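We number each residue from 1, following the sequence as shown. Just the heavy atoms: all of them, side chains too, but no hydrogens, waters or symmetry mates, feed the values below. Since the model is a prediction, treat every value here as computed from it, not as a measurement.
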Amino acid sequence: MPNQNQQPQPVQIPMELVLDELRQENARLSYDLAVARAQIKVMQAQTVGGESNGGDTEPAE
C-alpha cells in the first residue's frame with residue numbers, strides 16, 4: 001500500500017517560460033489600464049463639454 005503522506009515533488013519550470021508568462025500578463029494588464037484610462041477621458045470630456053446633467057440619471061437616447 002503506498003504511503004498516503006508523501007509530499008508531491010516540486011515541478012521544475014524553465015525561467016524563460018516564467019518570463020514569457022510575465023510578459024503576457026503585463027501586456028494584458030497594460031491593455032486593461034489603457035482602456036480604463038480612455039473611458040475616464042471620455043467621461044471627463046463629456047462632463048467638461050456640458051453634457052453632464054449633474055446627477056446619476058441615465059444619459060438621454
- For the residue pair D20 and R23, establish whether any side-chain heavy-atom pair is separated by less than 4.5 Å. yes
- Message: Are L19 and L17 linked, directly or through intermediate hydrophobic residues, by side-chain heavy-atom contacts shorter than 4.5 Å (ILVMFWY only)?
- Response: yes
- Note on the structure: side chain to side chain contact (heavy atoms under 4.5 Å, CB included) test vs Q44 passes for just one of I40, T47, V42, namely I40
- Would you say the side chain of V11 lies within less than 4.5 Å of the side chain of I13, judging by non-hydrogen atoms? yes
- Flag yes if M15 and L22 sit in one hydrophobic cluster, no otherwise; membership is Ile, Leu, Val, Met, Phe, Trp, Tyr, and two members link when side-chain heavy atoms are under 4.5 Å apart. yes
- Task: For R28, look at atom CZ and say whether over 12 heavy atoms of other residues, nucleotides or ligands are found less than 6.0 Å away.
- Result: yes
